[in-house]
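Notes for the one structure printed next.
Protein chains get the first letters and strands the later ones, always in sequence-line order, with residue 1 at the start of each.
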2 protein chains.
Amino acid sequence: MARKQSAADAPLRLDNQICFAVYSAAHAFNRVYKPLLDRLGLTYPQYLVMLVLWERDDVPVKDIGERLFLDSGTLTPLLKRLEAAHLVKRTRSSDDERLVLIALTPQGHALKEKARAVPQSILAASDCSVSELVTMKDEIVALRDRLNAVTGE
Amino acid sequence: MARKQSAADAPLRLDNQICFAVYSAAHAFNRVYKPLLDRLGLTYPQYLVMLVLWERDDVPVKDIGERLFLDSGTLTPLLKRLEAAHLVKRTRSSDDERLVLIALTPQGHALKEKARAVPQSILAASDCSVSELVTMKDEIVALRDRLNAVTGE
DNA sequence: TCACATTTAATTGTTCGCAATTGAATACGC
DNA sequence: GCGTATTCAATTGCGAACAATTAAATGTGA
């Protein structure tokens with residue numbers, strides 16, 4: 001019984017787990033982003049929120065949450081920190097008082113220009129062609145969506 | 001100038017970011033794992049630590065950290081919780097008193113049998129062939145390692 | 001040998017991430 | 001129109017994740 005590791009254990013080996021690959025890759029990205037985002041005064045999740053708002057602002061918290069798969073327990077304090085940093089303004093909708101609309105401040109809009117340098121630095125760190133990255137991204141998104149389908153979106 | 005979105009903004013669009021694909025996939029995995037791991041009384045990072053220990057225990061905290069890319073700030077409290085759950089024992093090495101060796105308790109060893117059901121449930125949720133998953137995993141690991149090389153391992 | 005650097009865990013403080021609950025506003029069903 | 005259900009954000013509590021610091025043990029060089 002040659003046991004490089006018992007064959008029955010293969011499914012439990014760390015190096016065979018795609019989830020660990022994804023989990024550790026996410027952390028690796030975070031570490032690359034950290035120094036770049038420090039210059040913008042943002043954390044990575046805050047950067048994601050800003051990406052959403054740079055596409056379209058004056059949107060309810062819920063919309064941001066659906067886009068990023070985050071809930072109000074995460075977003076409420078994060079958005080308060082962005083407000084404290086004068087990057088966004090939070091106002092109750094007059095149409096529907098349940099909604100809190102998130103709008104960019106002038107500083108929030110302006111930060112977009114400084115942020116343009118970030119994606120190219122990440123691309124360089126990836127040490128990979130754009131087309132390869134696009135292919136991988138699409139595969140990962142497809143996997144993510146299949147996983148989300150199981151847990152009920 | 002048809003602007004589906006200004007072309008200059010493409011690098012900043014959320015849907016073009018591979019890092020967000022990875023980030024959101026990691027969360028999606030977490031949500032699938034949650035109910036499975038609840039039955040084992042583990043969180044996902046705790047499960048990763050147990051995977052490492054099921055391969056080989058009686059190892060220092062540092063070894064676990066290198067395997068999972070986590071530091072003592074994360075692992076120390078996590079391991080204390082595993083100890084409180086009677087799954088591991090933490091003892092100072094007599095050879096080198098700086099080291100804290102992590103060993104499985106009998107309950108910790110026994111939990112491995114209950115854990116064998118987990119990977120197949122994940123595979124089912126992935127709705128994907130094993131070979132496709134292996135290919136994706138290898139690509140993601142390669143990307144992760146290139147990113148880690150940039151930040152100095 | 002003895003000063004000094006390195007290694008290792010632990011600690012502290014800040015920020016996510018999420019489950020569960022709360023409370024207010026709105027929608028709906030009859 | 002009125003009671004009930006639903007929607008939405010905020011809150012609370014717990015467990016990561018990591019930077020920065022601390023403290024103890026070990027290794028190294030002169």
Smallest separation among heavy atoms of B:M50 and B:V88, with atom names: SD-CG1, 4.3 Å
Once you round it to whole Å, what is the distance between [atom2] of [N] and [atom1] of [X]?
X     : N      : atom1 : atom2 : result
B:L40 : D:dG15 : CG    : C1'   : 17 Å
B:L82 : D:dA16 : CG    : C1'   : 12 Å
B:L48 : D:dA17 : CG    : P     : 8 Å
B:Y47 : D:dG15 : OH    : C1'   : 19 Å
A:L68 : C:dC16 : CG    : C1'   : 13 Å
B:M50 : D:dA16 : CE    : P     : 13 Å
A:D71 : C:dA19 : CG    : P     : 7 Å
A:H27 : C:dG17 : NE2   : C1'   : 12 Å

Donor on one side chain, acceptor on other, A:E132 and A:T135, under 3.5 Å: no
A:S24 and B:R144 side chains, donor-acceptor separation under 3.5 Å: yes
Touch class at under 4.0 angstrom, heavy-atom based, for B:D38 against every strand present: nothing
Distance below 4.0 Å between B:Q46 side-chain N/O and D:dA16 OP1 or OP2: yes
Any B:Y23 side-chain nitrogen or oxygen under 4.0 Å from OP1 or OP2 of C:dG17: yes
First encountered from the 5' end of DNA chain D, between B:T43 and A:K34: B:T43
Test side chain to side chain contact (heavy atoms under 4.5 Å, CB included) applied to A:V100 and A:I102, step by step: CA-CA 7 Å; A:V100 170; A:I102 308 299; 4.1 Å; yes
Aromatic ring pairing B:F29/B:Y33, orientation class (parallel under 30°, perpendicular over 60°, tilted between): tilted
Residue pairs involving residues 106-126 of chain A (criterion salt bridge (Lys or Arg N to Asp or Glu O under 4.0 Å); sequence neighbours excluded): A:K112-B:D9, A:E113-A:R116, A:R116-B:D9
Between protein and nucleotides 5-12 of chain C, what N or O pairs are separated by less than 3.5 Å?
| residue | atom | partner | partner atom | Å |
| --- | --- | --- | --- | --- |
| C:dT7 | O2 | B:R98 | NH1 | 3.3 |
| C:dT8 | OP2 | B:K62 | NZ | 3.4 |
| C:dA9 | OP1 | B:V61 | N | 3.1 |
| C:dA9 | OP1 | B:K62 | N | 3.3 |
| C:dA9 | OP2 | B:K62 | N | 2.9 |
| C:dA10 | OP1 | B:R90 | NH1 | 3.1 |
| C:dA10 | OP2 | B:T76 | OG1 | 2.8 |
| C:dA10 | N7 | B:S72 | OG | 2.8 |
| C:dT11 | OP2 | B:K80 | NZ | 2.6 |

5′-ward residue of the pair B:N30/A:S93 relative to DNA chain C: B:N30
Note: A:R67-B:D15 ion pair, threshold 4.0 Å (strictly below): yes
